[in-house]
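The basis for the numbers below is simple: all heavy atoms, side chains too, and nothing from hydrogens, waters or symmetry mates.
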Amino acid sequence: MDLLRNSYANDSDDEPEPVTDNRLTSKTATPSLPSKRPYPEPEERQYKPIRKPNPPYSSYSDPQTSSSTIPITFPGRYVSKRERSLLASLSTAPTQIQKPSVNSPTVLGSISDSQVPRHVLSKGSSFRTGMPSRMSVSLTGHTKAVTSIDWSTSHVHLLASAGLDGAVYVWNVWSSGEKKVRSFLHHNAPVKDVKWSKQGLSLLSCGYDCTSRLFDVERGVETQAFKEDQVVGVVKFHPDNANLFLSGGLKGSLRLWDIRSNKVVHEYVKDLGPILDVEFMPGGKRFVSSSDVSGRNISENAVIVWDVSREVPLSNQVYAEAYTCPCIKHHPRDSVFIAQSHGNYTAIFSANPPFKLNKYKRYEGHWVAGFPIKCNFSPDGETLVSGSSDGFIYVFGYKSTELIKKLKAYEHPCVDVAYHPVLPNVIACCSWDGQVSVFE
């Protein structure tokens, strides 16, 4: 009974009082158990240390409710599940692409239209119908012949040019500051052609390095390269699908590329000479190709009309004369296309089968022989403008085929001419000695 009384006397979790019964200690010697952790005294139980706030660099902030910085971990600090999930989501989130600085080698100035004069953006209808009469802007930068120029249809103050010096330039024509705003030197050989895409600020070029290259003009970078087994002489975007473009090369191959997959979706095979030019017809179901037949003494393949989807020629006896045609253009309204001939004239064809040559009308008076001279229709289709190897610009009436105006542009051949997409009284041109000019 004494043992029971002593064991129940402790009504708390404290250590039991030592047993002093001589009967227990004298009979057996129990092994000593490890002592329990001493329970704190009442005054110690009431003491609670003040919790210091976490340092600022390890504080957590909810991005949805606060605009502070991201939590930063350091060795030895506990990271909660919430912080770990936040850091994981931030690491996988897409980074924002920064616009290039002006110090970039391809970015030389601004492509904004804020500096374009008001008289260029808003002109009266009577002034719009006038003919260009003087050179208003001279653009210098190319060191060799300029082979192609093209106006942007979405940003009408921008003009692209390509040259045999391997350079592709973008010009902010009416800027009061730097006019050469982009410089793409990605080709390691002369560049033959350049075209703007109708979708966004994309530019496509091709050349003697057997590639076609796509550029993002706003960022000033090359986005894609399309390699071929031939020198690429001409490129043309599909009129209804900006993801497709047609390329033609010196081996006579015609390929339809898909930008999204960087693959050829159609290839048009025929025993052709070097491809000089291609032109889509309205709707994009047909296109016309021009090839060099001077070395084969065969004229039937000089101009061919193709079916885009079936990859077959619809007619290969469109042009029977033994001249090559360096330029093909479709009229913006009528079912007619023209071919610039090295016979020093421009031939007219019907765009409907059987694609007959108009034997009663042609545009002549300018000089084409010996150079890749190009021509272009005005946006309203009322006039045709052509370059010439004598350095003049020739303007013809579309229906009458008569010469309306003749402008002296250069001492060297005027290779390419292009009407402004909005202002019919503005014409850009380029020369064989590397000059680019704008006439108003």
Spatial distance of atom [atom1] ([X]) from atom [atom2] ([Y]) [nearest 0.5 Å]:
| X | Y | atom1 | atom2 | value |
| --- | --- | --- | --- | --- |
| Asp307 | Leu314 | CG | CG | 5.0 Å |
| Ser315 | Phe355 | OG | CZ | 6.5 Å |
| Thr346 | Leu384 | OG1 | CG | 6.0 Å |
| Ser291 | Asp277 | OG | CG | 11.5 Å |
| Tyr323 | Asn344 | OH | CG | 8.0 Å |
| Ser309 | His266 | OG | NE2 | 6.5 Å |

Quick one: closest heavy-atom pair of [X] and [Y], and the distance?
| X | Y | value |
| --- | --- | --- |
| Trp196 | Ala160 | NE1-CB, 3.3 Å |
| Tyr345 | Glu364 | CB-CB, 3.9 Å |
| Thr223 | Phe215 | OG1-N, 4.3 Å |
| Ser212 | Val232 | OG-CG1, 3.7 Å |
| Val303 | Cys325 | CG2-SG, 4.1 Å |
| Asn376 | Ala418 | ND2-CA, 3.9 Å |

Item to check | Verdict with supporting geometry, Gln340 and Ser386, side chain to side chain donor-acceptor pair (under 3.5 Å) | outcome: CA-CA 9 Å; Gln340 182 88 287; Ser386 175; 2.9 Å; yes
Is there a side-chain contact between [X] and [Y] in this structure, where contact means two heavy atoms from C-beta onward sitting under 4.5 Å apart?
| X | Y | answer |
| --- | --- | --- |
| Leu158 | Arg182 | no |
| Val235 | Trp257 | no |
| Trp151 | Val156 | no |
| Val318 | Leu357 | no |
| Val231 | Tyr208 | yes |
| Lys180 | Leu139 | no |
| Met135 | Leu407 | no |
| Phe371 | Val415 | no |

Item to check | Leu244/Asp258 under side chain to side chain contact (heavy atoms under 4.5 Å, CB included): CA gap, chis, key distance, verdict | outcome: CA-CA 5 Å; Leu244 302 177; Asp258 192 329; 4.0 Å; yes
Checklist entry - Which one of Leu164, Val168, Asp165 satisfies the side-chain contact (heavy atoms from CB on, under 4.5 Å) criterion with Val191? => result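 Looking at Leu164, Val168, Asp165, the match for Val191 under the side-chain contact (heavy atoms from CB on, under 4.5 Å) is Val168.
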Next on the checklist: If we check side-chain contact (heavy atoms from CB on, under 4.5 Å) with Val368, which of these qualifies: Cys327, Cys375, Pro326?
Outcome noted: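 That would be Pro326; it is the only one of Cys327, Cys375, Pro326 passing the side-chain contact (heavy atoms from CB on, under 4.5 Å) with Val368.
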Item to check | Whether Tyr319 and Phe349 hold their rings parallel, tilted or perpendicular, with breakpoints at 30° and 60° | outcome: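 Ring orientation of Tyr319 relative to Phe349: perpendicular.
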Donor-acceptor pair, distance only, cut-off 3.5 Å: does the side chain of [X] make one with the backbone of [Y]?
| X | Y | value |
| --- | --- | --- |
| Glu440 | Ser136 | no |
| Ser350 | Asn352 | yes |
| Glu279 | His330 | yes |
| Asp334 | Val336 | no |
| Asp292 | Thr324 | no |
| Ser388 | Trp367 | yes |
| His366 | Val395 | no |

Determine whether more than 12 heavy atoms belonging to other residues, nucleotides or ligands lie under 6.0 Å from atom [atom1] of [X].
| X | atom1 | answer |
| --- | --- | --- |
| Glu311 | CD | yes |
| Lys408 | NZ | yes |
| Glu402 | CD | no |

Checklist entry - What's the verdict on ring-ring contact (aromatic ring centres under 6.0 Å, His included) for His331 and Phe377, showing C-alpha distance, side-chain angles and the deciding distance? => result CA-CA 7 Å; His331 193 270; Phe377 283 107; 4.8 Å; yes
Next on the checklist: Any salt bridge linking Asp229 with Arg255? Criterion: basic side-chain nitrogen under 4.0 Å from a carboxylate oxygen.
Outcome noted: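 Yes, charged N to carboxylate O under 4.0 Å.
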Checklist entry - Would you say the side chains of Ser289 and Tyr268 form a donor-acceptor pair under 3.5 Å? => result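 Checked: Ser289/Tyr268 side chains show no N/O donor-acceptor pair below 3.5 Å.
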Item to check | Verdict with supporting geometry, Glu228 and Ser247, side chain to side chain donor-acceptor pair (under 3.5 Å) | outcome: CA-CA 10 Å; Glu228 299 195 32; Ser247 68; 2.8 Å; yes
Checklist entry - Has Lys195 got its NZ or CZ under 6.0 Å from the middle of the six-membered ring of Phe237, at an angle within 45 degrees of the ring axis? => result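 No.
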Checklist entry - His238 and Phe280: ring-ring contact (aromatic ring centres under 6.0 Å, His included), yes or no, with the steps? => result CA-CA 7 Å; His238 193 278; Phe280 279 100; 5.0 Å; yes
